[in-house]
Amino acid sequence: MKSFELVQPATLEAALETLPAARDTKARDSVKLLAGGQDLLGELKEHLVAPDTLVNLKRIPGLDRIEHGADGSLTLGALVTLARIENERAIRERFTLLAEAAGAVASVQIRNQGTLGGNLCQRPRCWYYRHEQAVCIKKGGSECFAYGGLNKYNAILGGGPSYIVHPSDVAPALVALDAQAVIRGKRGERRVPLEQFFTLPSEGSVLRENVLTSEEILTHIVVPAPGAGSWRSTYLKFRERGSYDFALSAVALRLSLDAGKVREARLVLGAVAPIPWRCEKAETALVGRKLDAETCEFISRLALEGAEPLEHNGYKIPLTQGMITKALRKLAN
Ligand SMILES: Cc1cc2nc3c(=O)[nH]c(=O)nc-3n(C[C@H](O)[C@H](O)[C@H](O)COP(=O)(O)OP(=O)(O)OC[C@H]3O[C@@H](n4cnc5c(N)ncnc54)[C@H](O)[C@@H]3O)c2cc1C
């Protein structure tokens, strides 16, 4: 591992001072933000990144706070651990799918250490990206090796020119909750709907997965109050290993029901696309329907419309359709 300087700022302003200007393309990757280190330390050890400076965010006060607003909203600091999101009673009761998604991440040890901000900003798990010697398109090369190679775990929706899937479990749940990302830069704060925080490889830069520039820090996530009606939600994840593993497919579903019929819906898929994949057509089609077998069949097909599997990941289509049906049935009862 290359030697680096560890900077430990005590304020957000001091942390921002250490960050290189976004237009300085040479210096851009010379500084990395460190939260729980569960992803970044792996990247350093595997020589995927070699920054000159690490900026430890953990001494900045306030970023580890969970706040329940009087209006029913929820504000989570970027340093809140996944274990706290999983275990806090009020989150389990009012934002069930978020607690379920946080609890589905990795192992207890990783959830105790890993933070919300780090989970949302973690880098892809595609094994070509993670292989030190594979200079794939995500690392400045010219080709996505997964496209014509071993692509069992890669994207079936929204892929090209890179076919990574976004690895976060928490991201689809937060998109389904209409959450907003609060971002601080040297010139002030901006808020971005989380759905627009993540970027497709065909938009913006293929080297990044979100809208953050090198001079910005994700500070908070704000989840609005669930709104009128009787809302229920769930996060279902399918993985190969029972102990802990990244998802092969995941479904974040949130519904408000009125007399047994859907009033409003959010359906977001994980691990099938380079971003949390919102199924707006399926959400609209759900409105006014009873959650019977016919609806489950129709919605699960509609949600996967346009999917283009690669050579080894066609299984993700029936798998995801089955998971959507399971989630709809779960919330119907
Ligand atoms: C064995 C293993 C299994 C895993 N399984 C899963 C899984 O099943 N599901 C899942 O979702 N994840 C999984 N993960 C990923 C894990 O959840 C993330 O690595 C962890 O949540 C990252 O959080 P962290 O605080 O440790 O981030 P760090 O490693 O400190 O940071 C991760 C990245 O985010 C950036 N970053 C961190 N905080 C901020 C911020 N506030 N603003 C801007 N950038 C920031 C860092 O610069 C770095 O690039 C797994 C990881 C491992 C090692």
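Each ligand, and each atom within it, is numbered from 1 in the order the structure gives. Every heavy atom of this structure was used, including side-chain atoms; hydrogens, water molecules and symmetry mates were not.
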Asker: D169 to ligand 1: N or O pair under 3.5 Å?
Answerer: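 D169 vs ligand 1: N/O contact under 3.5 Å present.
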Asker: Side chains of Y129 and E43: donor-acceptor distance under 3.5 Å anywhere?
Answerer: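 Yes.
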Asker: Is there a polar contact, in the sense of an N or O pair closer than 3.5 Å, between D39 and ligand 1?
Answerer: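 Yes; the residue has a nitrogen or oxygen that sits under 3.5 Å from a nitrogen or oxygen of the ligand.
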Asker: Who's the nearest protein heavy-atom neighbour of atom 6 (C) of ligand 1, and how far?
Answerer: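 Nearest neighbour among protein heavy atoms for atom 6 (C) of ligand 1, to 0.1 Å: F246 CE2, 3.3 Å.
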Asker: Can you pull out the closest protein heavy atom to atom 24 (P) of ligand 1? Residue, atom name and distance to 0.1 Å, please.
Answerer: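 The protein heavy atom lying closest is G36 N, 3.4 Å.
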Asker: Select one of side chain, backbone, both or neither to describe which atoms of C121 lie under 4.0 Å from any atom of ligand 1, heavy atoms only.
Answerer: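 Under 4.0 Å from ligand 1, C121 contributes backbone and side-chain atoms.
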Asker: Could you verify whether a donor N or O on one side chain and an acceptor N or O on the other, from E88 and H68, lie under 3.5 Å apart?
Answerer: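 Distance-only check passes for E88 and H68.
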Asker: Could you tell me whether some N/O pair between Q113 and ligand 1 is separated by less than 3.5 angstrom?
Answerer: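 No, no N or O pair falls under 3.5 Å.
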Asker: Flag Y244 as yes when one of its N or O atoms lies below 3.5 Å from any N or O atom of ligand 1, and as no otherwise.
Answerer: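 Not met; the criterion fails.
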Asker: Taking the six-membered ring of Y244 (Phe, Tyr or Trp), confirm whether the NZ or CZ of R241 is under 6.0 Å from its centre and within 45° of its axis.
Answerer: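 That pair qualifies as a cation-pi contact.
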Asker: Heavy atoms only: which of V105, L34, N210, V170 lies closest to atom 10 (C) of ligand 1?
Answerer: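 Going through V105, L34, N210, V170 one by one, V105 has the nearest heavy atom to atom 10 (C) of ligand 1.
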Asker: Would you say K237 contacts ligand 1, with heavy atoms under 4.0 Å as the rule?
Answerer: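 Right, K237 reaches ligand 1.
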Asker: Just heavy atoms, cut-off under 4.0 Å: does L57 contact ligand 1 by side chain, backbone, both, or neither?
Answerer: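 Near ligand 1, L57 shows its side chain, while the N, CA, C and O stay back.
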Asker: Would you find more than 12 non-hydrogen atoms of other residues, nucleotides or ligands less than 6.0 Å from K326 atom NZ?
Answerer: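 Atom NZ in K326 is not crowded, with 12 or fewer foreign heavy atoms closer than 6.0 Å.
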Asker: Any nitrogen or oxygen of G37, side chain or backbone, less than 3.5 Å from one on ligand 1?
Answerer: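 Between G37 and ligand 1, an N or O pair is found under 3.5 Å apart.
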Asker: Which is closest to atom 12 (N) of ligand 1 by heavy-atom distance: Q38, Q122, H166, H220?
Answerer: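 The option holding the nearest heavy atom is Q122.
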Asker: Give me the nearest non-hydrogen protein atom to atom 42 (N) of ligand 1 as residue plus atom name, then the distance to 0.1 Å.
Answerer: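 Ranked first by proximity to atom 42 (N) of ligand 1 is L218 N, 3.0 Å.
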Asker: For a quick check under 3.5 Å, do T234 and E100 share a side-chain donor-acceptor pair by atom type?
Answerer: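 Present: a donor and an acceptor within the cut-off.
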Asker: Pairs of nitrogen or oxygen atoms closer than 3.5 Å, one from L41 and one from ligand 1: do any exist?
Answerer: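 No.
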Asker: Is it true that G42 lies under 4.0 Å from ligand 1, counting heavy atoms only?
Answerer: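 In this structure, G42 fails to qualify as a contact of ligand 1 - no heavy atom is under 4.0 Å.
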Asker: Would you check if Y315 and K152 make a side-chain contact, meaning some heavy-atom pair closer than 4.5 Å?
Answerer: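 The answer is yes; the side chains approach within 4.5 Å.
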Asker: Would R123 count as a polar contact of ligand 1, with the cut-off being nitrogen or oxygen pairs under 3.5 Å?
Answerer: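 Not met; the criterion fails.
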Asker: Kindly identify the option in I110, I183, L79 whose heavy atom sits closest to atom 16 (C) of ligand 1.
Answerer: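 Nearest option to atom 16 (C) of ligand 1, by heavy atoms: I110.
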